[in-house]
Enquirer: 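Have a look at this one.
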Amino acid sequence: MARRLLSRYLPRFARRAWLAACLAASGAAAADTIVDAQYAEPTTRYAHGILGDAIEWGTLELVVEDWAHRTTLRIQLPEDRVFEDVAPRLADVDGDGRPEVVVVESQLGTGAQLAIYDETGKIAATPHIGQSNRWLSPIGIADFDGDGFTELAYIDRPHLAKTLRIWRYRDGALHHVADQTGLTNHRIGEADIGGGIRTCDGHSEMITASADWARVIATSFRDGSFSLRDLGPHTGRASLDAALRCR
């Protein structure tokens, strides 16, 4: 219990060092780099079903390793939360050369948030949308504007608000950057998320559909503003996948 409480209040890099020391003292290998992540413990305690069924996830499993050992850590959510997501995403969010894990986490009364975990637990998150059964659909993670900091992009309520939101990770927290309306990447009941991020000419673009699902749209973000390009008709996942391949 004391170990869990202490880890909540230590700065992030101190928590990593402290965790390594605790593991070493107990004879276990020091957790260093996250090499895999997956959801576990399916649950029906959040009856939203936006991804096609009523099953979400109660636990995040992280595989971490150092030069010689591999360890599995389990992060279990409280009963009022679930991971409402298709899969965890590994990305180096803080620029230290090691990946963190980006997830969609939903609270039963306040809906979804985008959250970042490392081996010590949750290190940053956006606010919850604010209402039960309200979801967000990730697009991806990149330094969109070339400022040296990582941005995280998602569609806020892809079936209702259809708004692209960008948040920047800086100084240990996520900061809201900008919004663009009229875009989406998910329909109710789909088990996957369409589109994503492509890099075709040296900079990153976000690939989504238009709000009416008629067109494939490439959105870039530079100098504090969005630029949208129509890539052609949306004809299903194949058209979004082709755009990701720069076709």
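Heavy-atom basis, side chains included; hydrogens, waters and symmetry copies ignored.
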Enquirer: Measure across T208 and L240 and return the closest heavy-atom pair with its distance rounded to 0.1 Å.
Expert: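 Scanning both residues completely, I find the closest heavy atoms to be O-CD2, 3.6 Å.
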
Enquirer: For A115, is there any backbone N or O sitting under 3.5 Å from a side-chain donor or acceptor partner on E105?
Expert: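 Between the backbone of A115 and the side chain of E105 there is no qualifying donor-acceptor contact (under 3.5 Å).
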
Enquirer: Verify the cluster assignment for I207 and I193: are they in a single hydrophobic cluster under the rule of side-chain heavy atoms below 4.5 Å apart?
Expert: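 Unlinked, I207 and I193 end up in two clusters.
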
Enquirer: Under 4.5 Å between any side-chain heavy atoms of T44 and I55, yes or no?
Expert: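 Yes, close enough: below the 4.5 Å cut-off.
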
Enquirer: Say whether I123 and L152 are linked into one hydrophobic cluster, either directly or through other cluster members, by side-chain heavy-atom distances under 4.5 angstrom.
Expert: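 Yes, one cluster joins them.
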
Enquirer: For the CG atom on D223, are there more than 12 heavy atoms of other groups (residues, nucleotides or ligands in this structure) within a distance under 6.0 Å?
Expert: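 Counting other residues, nucleotides and ligands, CG of D223 stays at 12 neighbours or fewer.
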
Enquirer: Find out whether V102 and P138 are in side-chain contact, i.e. whether some heavy atom of one side chain is under 4.5 Å from a heavy atom of the other.
Expert: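 V102 does not reach P138 side chain to side chain.
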
Enquirer: Can you give me the closest heavy-atom contact between E151 and F144, atom names plus distance?
Expert: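 Closest approach of E151 to F144: OE1-N, 2.8 Å.
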
Enquirer: Quick one: OG on S204 to CG on D145, what's the gap to the nearest 0.5 Å?
Expert: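 Answer for the OG-CG pair, S204 versus D145, is 10.0 Å.
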
Enquirer: With a 3.5 Å distance limit and no angle check, can you tell me whether R89 reaches the backbone of A87 through a side-chain donor-acceptor pair?
Expert: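 A pair under 3.5 Å: yes.
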
Enquirer: Strictly distance-based, threshold 3.5 Å: is any side-chain N or O of H128 a donor or acceptor partner for the main-chain N or O of G111?
Expert: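 Yes: the side chain of H128 pairs with the backbone of G111.
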
Enquirer: Nearest 0.5 Å, what's the CD-CH2 distance between E84 and W57?
Expert: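 It comes to 13.0 Å.
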
Enquirer: Report yes or no: does S239 contribute a side-chain atom to a donor-acceptor pair with the main-chain N or O of H234 at less than 3.5 Å?
Expert: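 Checking the backbone N and O of H234 against the side chain of S239, no donor-acceptor pair under 3.5 Å is found.
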
Enquirer: Can you name the nearest heavy-atom pair linking F221 to G224, along with the distance?
Expert: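 Looks like CE1-C, 3.6 Å.
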
Enquirer: For the atom pair CD (Q38) and CG (L62), what is the distance rounded to the nearest 0.5 Å?
Expert: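 With rounding to 0.5 Å, CD (Q38) is 10.0 Å from CG (L62).
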
Enquirer: Regarding R98 and E119, does a basic nitrogen lie under 4.0 Å from an acidic carboxylate oxygen?
Expert: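 Looking at R98 and E119, the cut-off is not met.
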
Enquirer: So, applying side-chain hydrogen bond (donor to acceptor under 3.5 Å, both in side chains) with D156, which one of R134, R165, K162 is it?
Expert: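 Output: one option passes, namely R165.
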
Enquirer: Kindly assign one of parallel, tilted or perpendicular to the pair Y39 and F83, based on the angle between their ring planes and the thresholds 30° and 60°.
Expert: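 Parallel: the ring planes of Y39 and F83 meet at under 30°.
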
Enquirer: According to a 4.5 Å side-chain heavy-atom criterion applied to Ile, Leu, Val, Met, Phe, Trp and Tyr, with indirect links allowed, do L228 and I197 form part of one hydrophobic cluster?
Expert: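 Yes; tracing contacts between hydrophobic side chains, which count when under 4.5 Å, links both residues.
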
Enquirer: Rounded to the nearest 0.5 Å, what separation is found between the OG1 atom of T33 and the CG atom of D118?
Expert: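 So the OG1 of T33 and the CG of D118 are separated by 11.5 Å.
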
Enquirer: Please report the closest heavy-atom contact between L183 and I155, naming both atoms and the distance.
Expert: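 L183 and I155 have their closest heavy atoms at O-CG2, 3.7 Å.
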
Enquirer: Can any side-chain N or O of E56 pair as donor or acceptor with the backbone N or O of T43 at less than 3.5 Å?
Expert: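 Flag not set: sc E56 to bb T43 has no pair under 3.5 Å.
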
Enquirer: Taking all atoms of both residues into account, what is the closest heavy-atom pair of A91 and I141, and its distance?
Expert: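 Between these two residues, the closest heavy atoms are CB-CD1, 3.9 Å.
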
Enquirer: Quick check on the hydrophobic clustering: are V104 and I129 connected, directly or via other members, by side-chain heavy-atom contacts under 4.5 Å?
Expert: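 V104 and I129: one cluster.
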
Enquirer: Given 3.5 Å as the limit, does a donor-acceptor pair link the side chain of W135 with the main chain of I50, or not?
Expert: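 A pair under 3.5 Å: no.
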
Enquirer: Quick check against the 3.5 Å criterion: does R198 have a side-chain atom that pairs as donor or acceptor with the backbone of A243?
Expert: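 Checked: pair present.
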
Enquirer: Among residues at least two apart in sequence or on other chains, which ones pass side-chain hydrogen bond (donor to acceptor under 3.5 Å, both in side chains) with Y154?
Expert: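 If we apply the side-chain hydrogen bond (donor to acceptor under 3.5 Å, both in side chains) test to Y154, skipping adjacent residues, the hits are W167.
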
Enquirer: Working to the nearest 0.5 Å, report the span between OG1 of T184 and CD1 of I217.
Expert: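 With rounding to 0.5 Å, OG1 (T184) is 12.0 Å from CD1 (I217).
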
Enquirer: Does one hydrophobic cluster hold both V93 and F149, with members joined at side-chain heavy-atom distances below 4.5 Å?
Expert: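 No.
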
Enquirer: Counting distance only, does the side-chain N/O of H48 pair as donor-acceptor with the main-chain N or O of N133 below 3.5 Å?
Expert: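 Yes; at least one donor-acceptor contact below 3.5 Å.
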
Enquirer: Taking all non-hydrogen atoms of both residues, which atom of L136 and which atom of A112 are closest, and how far apart?
Expert: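 L136 and A112 have their closest heavy atoms at N-CB, 3.8 Å.
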
Enquirer: Does the pair R157 and Q131 meet the rule for a side chain to side chain contact (heavy atoms under 4.5 Å, CB included), with working shown?
Expert: CA-CA 11 Å; R157 291 159 289 173; Q131 182 178 341; over 6 Å; no

Enquirer: Under 3.5 Å, is there a donor-acceptor pair between the side chain of S210 and the main chain of R215?
Expert: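 Between the backbone of R215 and the side chain of S210 there is a qualifying donor-acceptor contact (under 3.5 Å).
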
Enquirer: To the nearest 0.5 Å, what is the distance between OG1 (T150) and CG (L174)?
Expert: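 Answer for the OG1-CG pair, T150 versus L174, is 10.0 Å.
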
Enquirer: Hydrogens and angles aside, do D179 and T163 bring a side-chain donor and acceptor to less than 3.5 Å of each other?
Expert: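 There is no such pair between these side chains.
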
Enquirer: I'd like to know whether Q180 forms a side chain to side chain contact (heavy atoms under 4.5 Å, CB included) with M206, so could you lay out the CA-CA distance, the side-chain angles of the two residues, the decisive distance to 0.1 Å, and finally the verdict.
Expert: CA-CA 12 Å; Q180 173 64 52; M206 295 160 273; over 6 Å; no

Enquirer: If we ignore hydrogens and angles and just use 3.5 Å, is the side chain of R45 paired with the main-chain N or O of R81 as donor and acceptor?
Expert: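 Flag set: sc R45 to bb R81 pair under 3.5 Å.
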
Enquirer: Given L164 and F226, is the side chain to side chain contact (heavy atoms under 4.5 Å, CB included) satisfied, shown in steps?
Expert: CA-CA 10 Å; L164 188 159; F226 291 99; 3.7 Å; yes

Enquirer: Take E100 and D92 through the side chain to side chain contact (heavy atoms under 4.5 Å, CB included) test and state the conclusion after the steps.
Expert: CA-CA 6 Å; E100 288 73 42; D92 181 10; 3.7 Å; yes

